[in-house]
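What follows is a single structure, written as structure tokens, with notes after it.
The shown structure was predicted, so the numbers you read here are calculated from the model rather than taken from an experiment.
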Amino acid sequence: MERMTNKQLQFITWLITTATDKCQTIEEVRELNREIRRHSDGLLEEELEEKQKE
């Protein structure tokens with residue numbers, strides 16, 4: 001696994017928090033999370049595992 005620098009992590013954190021601040025409802029946050037997972041390697045499997053637990 002590639003390691004990210006602190007600056008990269010800070011940028012990602014800023015990007016996600018900026019996007020979620022614009023959401024009006026928790027459902028919008030969940031949709032944003034689904035989009036992030038859809039475009040992130042390895043996170044799709046985590047989402048499927050969470051749904052199976054529900």
Roughly how far, to the nearest 0.5 Å, is CZ of R34 from CZ of R37?
-> 8.5 Å
How many angstroms lie between CD1 in I16 and CG in N33, if you round to the nearest 0.5 Å?
-> 8.0 Å
With sequence neighbours left out, the residues meeting salt bridge (charged side-chain N to carboxylate O under 4.0 Å, His left out) with E28 are none
Is L32 reachable from I12 through a run of I, L, V, M, F, W or Y residues, each pair having side-chain heavy atoms under 4.5 Å apart?
-> yes
Distance col, row E31:CD vs I36:CD1, nearest 0.5 angstrom, shows 10.5 Å
Spacing of T17 atom OG1 and K22 atom NZ [to the nearest 0.5 Å] | 10.5 Å
